[in-house]
Amino acid sequence: MLVVCVAVLSAPVLAQNAVDFPGTVLKVDDASGKLTVKKDGTRFTFVVDGRTQYAGIKALKDIKAGDTVTVTYIVMGSQYIAQKIAKSK
């Protein structure tokens, strides 16, 4: 008897209810996986984890205060989960 298993690998897909938040980085905490971004008086602290995708950078450690980013996020409970972080040039 021959059993064939096929695995399909693909890039992670962003949740359909994700929201973009462009702004200026206030704080980066690589150790705890958090990123604080502000725009027009609104400030969010995003949770960054192993599922977070990046554009223009390779990791959270490549971001510093003052950088301009757009964070694509979802809300889970009381947390803002970063799905993608794009750094503007």
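Computed over heavy atoms, backbone and side chain alike; hydrogens, waters and symmetry mates excluded.
- Rounded to the nearest 0.5 Å, atoms CG (Leu35) and CD1 (Ile85) are 5.0 Å apart.
- Under a hydrophobic-cluster definition in which Ile, Leu, Val, Met, Phe, Trp and Tyr are linked whenever side-chain heavy atoms come within less than 4.5 Å, directly or via other members, Ile81 and Val69 are assigned to different clusters.
- In this structure, Asp62 contributes its side chain and Lys58 its backbone to a donor-acceptor pair below 3.5 Å.
- Arg43 places a side-chain heavy atom less than 4.5 Å from the side chain of Leu26.
- The pair Lys61-Asp30 fails the salt-bridge criterion, with no side-chain N (NZ, NE, NH1 or NH2) lying under 4.0 Å from an Asp/Glu carboxylate O.
- The closest side-chain heavy-atom distance from Leu60 to Tyr54 is below 4.5 Å.
- Put simply, NZ on Lys34 and OG1 on Thr36 are 8.5 Å apart, with the number rounded to the nearest 0.5 Å.
- Residues Ala82 and Phe46 approach most closely at CB-CB, 4.1 Å, considering heavy atoms.
- The shortest heavy-atom contact between Lys84 and Ala55 is CE-CB, 3.8 Å.
- To the nearest 0.5 angstrom, Thr70 atom OG1 is 8.5 Å from Lys39 atom NZ.
- The stretch residues 69-82 participates, sequence neighbours left out, in no salt bridge (Lys or Arg N to Asp or Glu O under 4.0 Å) pair at all.
- Nearest heavy-atom pair across Gly77 and Val75 is O-CG1, 3.5 Å.
- No path of Ile, Leu, Val, Met, Phe, Trp and Tyr side chains, each step under 4.5 Å between heavy atoms, connects Phe44 with Val47, placing them in separate hydrophobic clusters.
- Taken from CZ in Arg51 to CD in Gln83, the straight-line distance is 8.5 Å, to the nearest 0.5 Å.
- The six-membered or imidazole ring of Tyr80 lies away from that of Phe21, with a centre-to-centre distance of 6.0 Å or more.
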